[in-house]
Amino acid sequence: MERMECEELTGGRIRSVNRLFLLTLGFYLLGSFLVAWLDPGLIGSLAVSQGVLALPAIGWLLIKRVPARSFLRLRRLDLPSVLLVLLFAFLLYPVLTLINAVSMLFLEYNISDTLSAESTSIPFAAMFLMVAVVPAVLEETVYRGVFFHAYREHSVWKGALLSGFLFGMMHANFNQFFYAFALGFVFALLIEATGSLFSSMLVHLCYNGFSVLVLYAMNWLSGKSESFANALEAESESGITPSMVLAMVPQAVFFGVLAFFVYRALAKRNGTYETIRSSVRESSKRGSFRKLITVPLVLGTGFLFFIMTVNELLAMGILK
């Protein structure tokens, strides 16, 4: 009897967060309209996009009277755990870089060049705040704090996959989808190892912050050295080649294995290793993804897939 009531509660929460996802998509479209209408510049656009992303989730927590601290798992990390999280992020980066490079072999649409052209004219502190700090807090609260923690009540592993999938889809282009999907899945598992949402926030901050730092460093070096600027331009025009991707594989495998051992050490330190192992076995007994899929989720992901396809066709010159 208690198990049936628990399943009904979990099913009701899943249906609720799937409706929340569709609402979040609606706010995202509203934010895109506001950005196009107001033209607030890059910083303003980032502020609007992050704000409209977080509002539905915050409203959901308030309306449902969810105890935010326990549900979001806002647990403080000790210093050794923080250091292990940072080491894990460093070791995993080559794996994520490989995933991104593989997707770039087959896809045309890429927004990074559009952003970098304008962003370096903005003060570094402002860009770091809006690209690294704010997304690390708000996006993790929404995708891992709300979506993953609702789905994990049914299955940890399926919840990690589905929340990562939604995180990738909301980037609205195929090139970022694969990287963000993998990243979202890893972030969810990192929370399982540490029992804290702050761990995924920290890694998210490091990855986005590193991208900003590299972007400004390259821009500074380009201004100091004409030869460096010419070499950078030549490299960007040549793009990713299969030989470059193959050269990344050994490094990604080596560091990926090391990242696994660090992850295991992190889980053992926080007393979650056996729980994670048992959740793998239990996950295979909890049925398929069908219990997590509802009409609002299908509608939202279907619409985003359409947008992603149109963007890719436009980039390929098939649509004009």
K.L.:
Would you please test L197 and F71 for side-chain contact (heavy atoms from CB on, under 4.5 Å) and show each step?
P.N.:
CA-CA 10 Å; L197 183 65; F71 180 73; over 6 Å; no
K.L.:
So, using side-chain hydrogen bond (donor to acceptor under 3.5 Å, both in side chains) as the criterion, who are the partners of S200 when residues are at least two apart?
P.N.:
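By the side-chain hydrogen bond (donor to acceptor under 3.5 Å, both in side chains) rule, S200 matches E140.
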K.L.:
When you compare the side chain of F303 with that of L299, does any pair of heavy atoms fall below 4.5 Å?
P.N.:
no
K.L.:
According to a hydrophobic-cluster definition based on side-chain heavy atoms being under 4.5 Å apart (Ile, Leu, Val, Met, Phe, Trp, Tyr only), do L304 and V35 belong together?
P.N.:
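No.
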K.L.:
When you measure from the side chain of S199 to the backbone N and O of G195, does any donor-acceptor pair fall under 3.5 Å?
P.N.:
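Not a single qualifying donor-acceptor pair exists.
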K.L.:
Taking side chain as C-beta onward, heavy atoms only, is L205 less than 4.5 Å from F210?
P.N.:
no
K.L.:
Please give me the minimum heavy-atom distance between G256 and V95, naming the atom from each residue.
P.N.:
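So the minimum-distance heavy-atom pair works out to CA-CG2, 3.7 Å.
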K.L.:
Taking the six-membered ring for Trp, are F147 and F21 parallel (under 30°), tilted (30 to 60°) or perpendicular (over 60°)?
P.N.:
perpendicular
K.L.:
Is the backbone N or O of K268 less than 3.5 Å from a side-chain atom of T272, with the two atoms forming a donor-acceptor pair by type?
P.N.:
no
K.L.:
Heavy-atom count around F90 CZ within 6.0 Å, excluding the residue itself: above 12?
P.N.:
no
K.L.:
Taking the side chain as every heavy atom from C-beta outward, state whether L22 and L297 have any pair of such atoms under 4.5 Å apart.
P.N.:
no
K.L.:
Please tabulate, for side-chain N and O atoms in residues 38-61, each donor-acceptor pair with protein atoms closer than 3.5 Å (sequence neighbours left out).
P.N.:
residue: S45; atom: OG; partner: G41; partner atom: O; Å: 2.7
residue: S49; atom: OG; partner: S45; partner atom: O; Å: 3.3
residue: S49; atom: OG; partner: L46; partner atom: O; Å: 2.9
residue: Q50; atom: NE2; partner: E139; partner atom: OE2; Å: 2.9
residue: W60; atom: NE1; partner: S16; partner atom: OG; Å: 2.7

K.L.:
Is L74 reachable from L202 through a run of hydrophobic residues whose side-chain heavy atoms are each under 4.5 Å from the next?
P.N.:
yes
K.L.:
Closest heavy-atom contact between V203 and L190?
P.N.:
CG2-CD2, 3.4 Å
K.L.:
Is the backbone of M308 close enough, under 3.5 Å, to the side chain of N173 for a donor and an acceptor to pair up by distance?
P.N.:
no
K.L.:
Without swapping roles, check the side chain of S155 against the backbone of R152 for a donor-acceptor pair under 3.5 Å.
P.N.:
no
K.L.:
Using atom types as modelled and distance alone, determine if a side-chain donor or acceptor of Y207 lies under 3.5 Å from a backbone N or O of A89.
P.N.:
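Side chain of Y207 to backbone of A89: a pair is present.
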K.L.:
Residues two or more places apart in sequence or in another chain: which of them pass ring-ring contact (aromatic ring centres under 6.0 Å, His included) with F88?
P.N.:
Y263
K.L.:
Which heavy-atom pair separates F148 from S163 by the least distance, and what is that distance?
P.N.:
CB-OG, 3.6 Å
K.L.:
With a cutoff of under 4.5 Å between side-chain heavy atoms, which Ile, Leu, Val, Met, Phe, Trp and Tyr residues group with Y273?
P.N.:
none
K.L.:
If the plane angle is over 60° it's perpendicular, under 30° parallel, otherwise tilted; pick one for Y216 and F124.
P.N.:
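Plane angle over 60°, so perpendicular.
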K.L.:
Treating Ile, Leu, Val, Met, Phe, Trp and Tyr as nodes and any side-chain heavy-atom pair under 4.5 angstrom as an edge, say whether L314 and I318 lie in one connected cluster.
P.N.:
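L314 clusters together with I318.
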K.L.:
Compare every heavy atom of M127 with every heavy atom of V212, then report the nearest pair and how far apart it is.
P.N.:
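The answer is CG1-CG, 3.9 Å.
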K.L.:
For P135, does its backbone N or O pair with a side-chain atom of N208 as donor and acceptor, under 3.5 Å?
P.N.:
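Checked: no pair found.
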K.L.:
Do you know the tightest heavy-atom contact between A160 and L189?
P.N.:
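The answer is CB-CD2, 4.2 Å.
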K.L.:
For F305, which residues count as a ring-ring contact (aromatic ring centres under 6.0 Å, His included) partner, sequence neighbours excluded?
P.N.:
F174
K.L.:
Calculate, to the nearest 0.5 Å, the distance between atoms CZ and CH2 belonging to F33 and W37 respectively.
P.N.:
6.5 Å
K.L.:
Do L23 and L29 share a hydrophobic cluster (ILVMFWY, side-chain heavy atoms under 4.5 Å, transitive)?
P.N.:
no
K.L.:
Which atom pair, heavy atoms only, marks the closest approach of G168 to A180?
P.N.:
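Nearest heavy atoms, G168 then A180: CA-CB, 3.7 Å.
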K.L.:
Is there a side-chain contact (heavy atoms from CB on, under 4.5 Å) between Y143 and M170? Walk through the geometry before answering.
P.N.:
CA-CA 10 Å; Y143 292 104; M170 282 297 289; 3.0 Å; yes
K.L.:
Can you list every pair that meets side-chain hydrogen bond (donor to acceptor under 3.5 Å, both in side chains) and has a residue in residues 69-78, with sequence neighbours left out?
P.N.:
R73-E192, R75-N270, D78-S81, D78-R269
K.L.:
Would you confirm whether H154, through its side chain, and G159, through its main-chain N or O, come within 3.5 Å as a donor-acceptor pair?
P.N.:
no
K.L.:
Let me check something: do L20 and F27 share a hydrophobic cluster, defined by ILVMFWY side-chain heavy atoms less than 4.5 Å apart, either directly or through other members?
P.N.:
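In one cluster with L20: F27, no.
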K.L.:
Mind checking whether H171 and F167 have parallel, tilted or perpendicular rings, split at 30° and 60°?
P.N.:
perpendicular
